[in-house]
Number of protein chains: 2
Amino acid sequence: MTDAQTRTRTPRPSRAERREEILSAATRVFGSKGYHASSLVDVAEQVGITHAGVLHHFGSKDKLLLAVLEYRHRIDIEHLEGKPGGLDLFRHLVNLNIERRGIVQAYAVLTGESVTDGHPAAPWVRNRFATLRADIAQALREIVDAEVAAAREAGEDAEPVGIGDAELDRAASAVIGAMDGLQVQWLLDPAAVDLAETTAFAIEAILAATLAGARRPRPLD
Amino acid sequence: MTDAQTRTRTPRPSRAERREEILSAATRVFGSKGYHASSLVDVAEQVGITHAGVLHHFGSKDKLLLAVLEYRHRIDIEHLEGKPGGLDLFRHLVNLNIERRGIVQAYAVLTGESVTDGHPAAPWVRNRFATLRADIAQALREIVDAEVAAAREAGEDAEPVGIGDAELDRAASAVIGAMDGLQVQWLLDPAAVDLAETTAFAIEAILAATLAGARRPRPLD
DNA sequence: CCACACATACTTACCGGTTAGTAAGGGCCA
DNA sequence: TGGCCCTTACTAACCGGTAAGTATGTGTGG
């Protein structure tokens, strides 16, 4: 009151700032130890408060987890800006994971944990997979359509039968699966797996197989 | 004492039988709830004893976990008998997972959980990945060699440059990753993913890309 | 065939520690 | 002064692990 410096001197974090601090800490803790193995005390002492202080902001541990997931999702789409389509989406996905090991670990741990019975993150993860599957299928559709159109324009003799939604969904699931599975291997043994290279290889392989299926009626079997 | 029925009436399970009962129950519990979220009481009451009885047989919760992993591994290789090589290995791997959802869940949960800091199952899972990677790389080697030899014999003009171990390891990692990642998606939403079909598709795609790489110097980039 | 010695399998009881969540009050800031 | 942030203090539950006692065997010597 006496002077104006109180305004910016020791700005006690506003509610929103404090919440972000807690969310950031919780992301770190949940990511490194998993949800069940983490405690509110772990999270709280990283922010410099007590675990009751955390509960003051988020009510319960489950609610904090969901807030963390939403928080990460919000960050992700902020970094994404204008959603890339087609091949750019895959380039983006490959690069995204290399940036920070912590983020990869958080996703891998929480995703793996979510398949346990009645896990609070299960609905969120399920929904995330569905969205991701749809986005990737859409990107694949763009690539396949462009490729088929190019082949047709070039006057190829192959019949451009196109490709159904089921095949695209299948390919999208395979892409997501390869990415997630490789992340786990990489986290456990970084020296044994080159994450970026192997992920790119797997995606290219699936993409090539999908394109092949778009031209021929059926590849093999 | 008065009669002889005491001898065979309630034949208390032998040590080996009891241990198997506990291991089976622990597999079920750890698989459905994860390791950290499970308690020895959970396991014990499925066998009809107390948690101290479980500790009598296995010493500690960590040792029980490791015993469960070894137990499952032993069952797996018993079912495998003479190790199949080449394409048979992949057929086996695809079919293995469809048999029982519980087993898939146990592997998925424990594998995902193992990437947390200092998890007791981490060394075991890491070693399992290494072994699996080597086995699959070997199977791929057989397939590629056979294919290249056939192409050469057919007098193709393509240069059969063969393929290096690094490429095989990369492909093997991709195969394992796709399998594991698809299992997680399937566990979370069985209606959204056809596990067998999508896994087969992914493996075929990676196999085709590997074979393509064995003929041409480099596919794309 | 039996009695005794011993080992095994388990139970009951308890320990120290940790958990999420609640209640109430203190202190800072407008 | 009044409201918000957070701490202190606490509860009830649960955890893995230990210790000690008990029932159920099983092997052995007479």
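Chain naming here is simple, since letters A, B, ... match the order of the sequence lines and numbering starts at 1 in each. Just the heavy atoms: all of them, side chains too, but no hydrogens, waters or symmetry mates, feed the values below.
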I'd like a table of atom pairs between the protein and nucleotides 15-18 of chain C - only N or O on both sides, under 3.5 Å - with the distance next to each one.
none

Who passes side chain to side chain donor-acceptor pair (under 3.5 Å) against [X], sequence neighbours left out?
X     : answer
B:E20 : none
A:R72 : A:D76
B:R74 : B:E78

Original post:
Which residues in residues 26-37 of chain B have at least one heavy atom lying under 4.0 Å from any atom of DNA chain C?
Top reply: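 Heavy-atom contacts with DNA chain C come from no residue of residues 26-37 of chain B; none.
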Open item on the list: Once salt bridge (Lys or Arg N to Asp or Glu O under 4.0 Å) is applied, do any residues pair with B:D62, and if so which ones, sequence neighbours excluded?
Closed with: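 Expected list: none.
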Excluding sequence neighbours, so at least two apart, what forms side chain to side chain contact (heavy atoms under 4.5 Å, CB included) with B:Q46?
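Here the qualifying residues are B:A25, B:R28, B:V29.
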* **Residues in side chain to side chain contact (heavy atoms under 4.5 Å, CB included) contact with A:L55, at least two apart in sequence or another chain** =>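 By the side chain to side chain contact (heavy atoms under 4.5 Å, CB included) rule, A:L55 matches A:L40, A:H51.
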- Would you jot down, in residue-number order, the residues of residues 109-120 of chain B having a non-hydrogen atom under 4.0 Å from DNA chain D?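 Heavy-atom cutoff 4.0 Å gives no residues at all.
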Using a 4.0 Å cut-off on heavy atoms, which residues in residues 50-66 of chain B reach DNA chain D? List them by number, or say none.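 Residues of residues 50-66 of chain B that come under 4.0 Å of DNA chain D are, in numerical order, B:H51, B:A52, B:L55, B:S60, B:K61.
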Set of ring-ring contact (aromatic ring centres under 6.0 Å, His included) partners for B:H119, sequence neighbours left out
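So B:H119 forms a ring-ring contact (aromatic ring centres under 6.0 Å, His included) with B:Y35, B:H36.
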- Query: Got a sec, which pairs hit salt bridge (charged side-chain N to carboxylate O under 4.0 Å, His left out) with one end in residues 42-53 of chain B, sequence neighbours left out?
  - Reply: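 As it turns out, the salt bridge (charged side-chain N to carboxylate O under 4.0 Å, His left out) pairs with a partner in residues 42-53 of chain B, which skip direct neighbours, are B:K33-B:D42.
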